[in-house]
Peer 1: 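After the structure tokens below, expect a handful of questions from me.
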Amino acid sequence: MDDGMRQETTLRVKNKFSKQYRNGYPLITKEAIINGKDLKEEGVLVKLVDESNQFLGKGYYGNQNKGYGWIVTNNENEEFDTRFFVRKLQQALGKREFLLKDNSTTAYRLFNGEGDGIGGFTIEYFDGYLVINWYSEGIYTFKEEVLAAIGEVLDVKGIYEKKRFNTDGGTYVEDDDFVSGEKAPEPHLIKENDVNFAVYLNDGAMVGIFLDQREVRKTIRDKYAKGKTVLNTFSYTGAFSVYAALGGAAKTTSVDLANRSLPKTTEQFNVNGIDEKTQSILVEEVFHFFKYAKRKGLKYDMVIMDPPSFARSKKVTFRAAKDYTSLVSDAIAITEHDGIIVASTNCSTFGMDKFKGFIDQAFKDNKKKYKILEEFSLPSDFATIKQFKEGNYLKVVFVQMLG
Ligand code: SAH
């Protein structure tokens, strides 16, 4: 769509919120806006002004979680045309030059929404192919401009997309995700720190690997796995287990309740030359497994936990913000003396300090001492800005249980 044809709606910001927008806060929150009811069509341009009509920023309307969309410029005359997207993409590529040159890693995030100047969509690179994640109908109306900009800046074989919105917002739309170019093989093999991964670019919302844990996985392989028994809970396709096995772990055990996790984890071991029969892959409820392991007196040198922020199974509802302490307690019960717990969360509603508080509480409850060995947040290709702390959602802590 030609930018000149887009409607523009002026949104008035309540006084107590105008300062945050002046300081560069990018999300247009519902609570900050006086006349949200004036927003009609997703994708219209919006101009934010304060209660005295002073210009605060310009962006677009796109319903996403708590937001009405994103501010993308503080220049009142900016046009959201292909050239605008080209500039933002070029800046994003510049920040990632070290990854583009790195032959041991062929998959990473190329564009990270508001962290790269435009909230609402991300682009990931999987060795020759792109996957665009669209988080609102509003940003999706800019698809043509984004694709044209990609065509100018990048040379790729093919492009896929994930529409992560529906009329209620937030959920993946089941669809054919192929957009243009040539189709990727299924599976498509990518490398991360010289480890192989089979990814499926056209098989639902998730492609088989979460790229934000790259540095955590490398650390487990290079510094901690050797000779250890490793339990990987909420294991999905077993990425942590593969790295641990390659790092010389005595044995890995992967636990996930999704049926797909067994063939998917088997495949990731196999594409790295590991016979899955030397490892253990269990399709099981994690909380049920913890009880079983405790009853049997099983212990592990390393316990990895990377649960979703929210998960409901038949028997248990898990909310990271409420239940993480109890999850750490479960892990403590089956960790060897001097063993290591890798606690990870992608929950954006609390920060690192609070997360460490949950962990601390669990050790206190169990009258155990511990030492923090490593801390991780998002890797640099998941670019974030200081004005939007929620964007830096990942928190990973390696804790050694003492005595
Ligand atoms: N740690 C993974 C990503 C985890 S995604 C990685 O490194 O790639 C979250 C996973 O948790 C999903 O695969 C889901 O099936 C699983 N899951 C959610 N609730 C669960 C539960 N109660 N028990 C076991 N697995 C669960």
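Along the sequence shown, the residues carry numbers beginning at 1. First listed ligand is number 1; within each ligand, the first listed atom is number 1.
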Peer 1: Considering only heavy atoms of R260, which atoms of ligand 1 have at least one such atom less than 4.0 Å away?
Peer 2: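 With R260 as reference, the close atoms of ligand 1 come out as 12 (C), 13 (O), 15 (O).
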Peer 1: The criterion is side chain to side chain contact (heavy atoms under 4.5 Å, CB included); which residues satisfy it with D275, sequence neighbours excluded?
Peer 2: K277, T278
Peer 1: Would you check if the distance from the ring center of F355 to the ring center of Y324 is below 6.0 Å?
Peer 2: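 Yes.
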Peer 1: On the 0 to 90° scale, with breaks at 30° and 60°, tag the F210-Y236 ring pair as parallel, tilted or perpendicular.
Peer 2: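 Geometry flag for Y236 against F210: tilted rings.
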Peer 1: Please report which non-hydrogen protein atom sits nearest to atom 16 (C) of ligand 1, along with the residue it belongs to and the distance in Å to one decimal place.
Peer 2: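 Its nearest protein heavy-atom neighbour is D256 OD2, 3.2 Å.
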Peer 1: Under 4.0 Å between a side-chain nitrogen and a carboxylate oxygen: does that hold for K157 and D127?
Peer 2: no
Peer 1: Purely on distance, is any nitrogen or oxygen of A239 under 3.5 Å from one on ligand 1?
Peer 2: no
Peer 1: Only counting residues at least two apart or in another chain, list the ones meeting salt bridge (charged side-chain N to carboxylate O under 4.0 Å, His left out) with K228.
Peer 2: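 With neighbours one apart ignored, the set is empty.
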Peer 1: Under a 4.0 Å N-O cut-off, is there an ion pair linking R22 with D50?
Peer 2: yes
Peer 1: So if I count the atoms of ligand 1 from 1 in the order they appear, which ones are less than 4.0 Å from some heavy atom of F287?
Peer 2: 22 (N)
Peer 1: For atom 25 (N) of ligand 1, which protein heavy atom lies nearest, and how many Å away is it?
Peer 2: L257 N, 3.2 Å
Peer 1: Considering only NZ, NE, NH1 and NH2 on the basic side and carboxylate oxygens on the acidic side, decide whether D330 and K291 come within less than 4.0 Å.
Peer 2: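 Looking at K291 together with D330, the answer is no, because their closest N to O distance does not fall below 4.0 Å.
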Peer 1: In plain terms, say whether E285 and K315 are close enough for a salt bridge, that is, a side-chain N and a carboxylate O under 4.0 Å apart.
Peer 2: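 Looking at K315 together with E285, the answer is no, because their closest N to O distance does not fall below 4.0 Å.
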Peer 1: Looking only at protein heavy atoms, which one is nearest to atom 4 (C) of ligand 1, and what is the separation?
Peer 2: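 Ranking protein heavy atoms by distance from atom 4 (C) of ligand 1, first comes F234 O, 3.2 Å.
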Peer 1: Would one find an N or O of T237, backbone or side chain, under 3.5 Å from an N or O of ligand 1?
Peer 2: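 No, since none of the N or O atoms of T237 sits under 3.5 Å from an N or O of ligand 1.
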Peer 1: Between N270 and I274 (side chain of the first, backbone of the second, donor and acceptor by atom type, cut-off under 3.5 Å), is there such a pair?
Peer 2: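 Side chain of N270 to backbone of I274: a pair is present.
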Peer 1: What do we get for K314 next to ligand 1 when only non-hydrogen atoms under 4.0 Å count, side chain, backbone, both or neither?
Peer 2: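 It is neither part, as no heavy atom is under 4.0 Å.
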Peer 1: Tell me whether the guanidinium CZ or amine NZ of K183 lies under 6.0 angstrom from the six-membered ring centre of F178 and within 45° of its axis.
Peer 2: yes
Peer 1: Taking distance alone, with N or O pairs closer than 3.5 Å, would you say S235 contacts ligand 1?
Peer 2: no
Peer 1: Is it the side chain (CB and beyond), the backbone, both or neither of F210 that lies under 4.0 Å from ligand 1, heavy atoms counted?
Peer 2: side chain
Peer 1: Which bit of Q213 is near ligand 1, meaning a heavy atom under 4.0 Å away: side chain, backbone, both or neither?
Peer 2: neither
Peer 1: Closest non-hydrogen protein atom to atom 19 (N) of ligand 1, residue and atom name please, with distance?
Peer 2: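 Result for atom 19 (N) of ligand 1: A311 CB, 3.5 Å.
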Peer 1: Applying a 4.0 Å heavy-atom criterion (strictly less than), which segment of F318 is in contact with ligand 1: side chain, backbone, both, or neither?
Peer 2: neither
Peer 1: Which residue, R109, K162, R214, R96, forms the salt bridge (Lys or Arg N to Asp or Glu O under 4.0 Å) with E124?
Peer 2: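 The single option meeting the salt bridge (Lys or Arg N to Asp or Glu O under 4.0 Å) with E124 is R109.
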Peer 1: Mark up the atoms of ligand 1 that fall under 4.0 Å of a heavy atom belonging to A258, in ascending order.
Peer 2: 15 (O)
Peer 1: Tell me whether ligand 1 is touched by E284 - counting only heavy atoms on the residue side and a distance under 4.0 Å.
Peer 2: yes
Peer 1: Does N232 reach ligand 1 with a nitrogen or oxygen that is under 3.5 Å from one of the ligand's nitrogen or oxygen atoms?
Peer 2: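 For ligand 1, there is no N or O atom that lies under 3.5 Å from one belonging to N232.
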Peer 1: Can you tell me which residue and heavy atom of the protein come closest to atom 21 (C) of ligand 1, and the distance to 0.1 Å?
Peer 2: E285 OE2, 3.2 Å
Peer 1: Who's the nearest protein heavy-atom neighbour of atom 6 (C) of ligand 1, and how far?
Peer 2: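 Result for atom 6 (C) of ligand 1: D306 OD2, 3.9 Å.
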Peer 1: So which heavy atom in the protein is nearest atom 8 (O) of ligand 1, and how far is it from that ligand atom?
Peer 2: Y236 CD2, 3.4 Å
Peer 1: Nearest protein heavy-atom contact for atom 9 (C) of ligand 1: which residue, which atom, what distance?
Peer 2: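 I find the closest protein heavy atom is P308 CD, 3.8 Å.
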Peer 1: So, is the end of the K163 side chain (NZ or CZ) under 6.0 Å from the ring centre of Y135 and within 45° of the ring's axis?
Peer 2: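 So K163 doesn't make the cation-pi contact.
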